[in-house]
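Keep in mind that what you see is a predicted model, and the values were worked out from it rather than measured.
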Amino acid sequence: MNKIARSVRLWFAPQRIREEGDTPDYRFSLANERTFLAWIRTALALIGGGFAVDQFLPDLVWGVRAGLALGLLAAGVLCALRAVNHWVRCERAMRRGEDLPVSRFPTLLSLVVAVVAVAMVAVVLFGWEGV
């Protein structure tokens, strides 16, 4: 738990990362920041998609609509949290001269989006009166 608490503290005090290791080439730090921003854009798109499903598919059975919307919203929240966590982990690894961290999160996110997309394909093909 101490490791998790330390990582979360770095989210709110990124200047403390400078205390570790050596300063990497600024291009790598800027690339890390661009990746962070891409994750945030993805999170915003997922959250927007969740709200769109909820608001613009009123004829869809409530449970299905809520499930699809909540799946997208949850994926957006997780993506936003993962973005900052990944940024900190990569920045620390670069400063320490370590390999960049690997993650299963992109696979998990892809699976959630794919499940929602398949459900939406079913809704489009079969109509939402029966769903």
ask   = Taking NZ, NE, NH1 and NH2 as the nitrogens, is one of them in E20 or R92 under 4.0 Å from a carboxylate oxygen of the other?
value =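 Yes.
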Gap between atom [atom2] of [Y] and atom [atom1] of [X] - 0.5 Å precision:
{"X": "M94", "Y": "D22", "atom1": "CE", "atom2": "CG", "result": "13.0 Å"}
{"X": "R41", "Y": "C79", "atom1": "CZ", "atom2": "SG", "result": "11.0 Å"}
{"X": "N32", "Y": "H86", "atom1": "CG", "atom2": "NE2", "result": "6.5 Å"}
{"X": "L81", "Y": "W11", "atom1": "CG", "atom2": "CH2", "result": "5.0 Å"}
{"X": "C90", "Y": "I17", "atom1": "SG", "atom2": "CD1", "result": "10.5 Å"}
{"X": "F28", "Y": "L100", "atom1": "CZ", "atom2": "CG", "result": "9.5 Å"}

query = Is there side-chain contact between R18 and R95, with heavy atoms separated by less than 4.5 Å?
reply =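 Touching, per the 4.5 Å side-chain cut-off.
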key: Side chains of L46 and V112 in contact at under 4.5 Å (non-hydrogen atoms)   =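 Contact flag for L46/V112 side chains = no.
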inquiry  = With a 4.5 Å cut-off on side-chain heavy-atom distances among I, L, V, M, F, W and Y, is there a chain of contacts connecting L37 to L30?
reply    = no
query = Do the side chains of M120 and L109 join up, straight or via other hydrophobic residues, at under 4.5 Å, putting them in one cluster?
reply = yes
task = Inspect the surroundings of CG in D99 and state if more than 12 heavy atoms from other residues, nucleotides or ligands are less than 6.0 Å away.
result =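 Atom CG in D99 is not packed in, count stays at 12 or less.
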query = Can you tell me if R82 and S103 form a side-chain donor-acceptor pair at under 3.5 Å?
reply =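 Their side chains do contain a donor-acceptor pair, which is all the 3.5 Å distance test asks for.
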inquiry  = If I compare all heavy atoms of L73 with all of G50, which pair ends up nearest, and what's the gap?
reply    = CG-CA, 4.1 Å
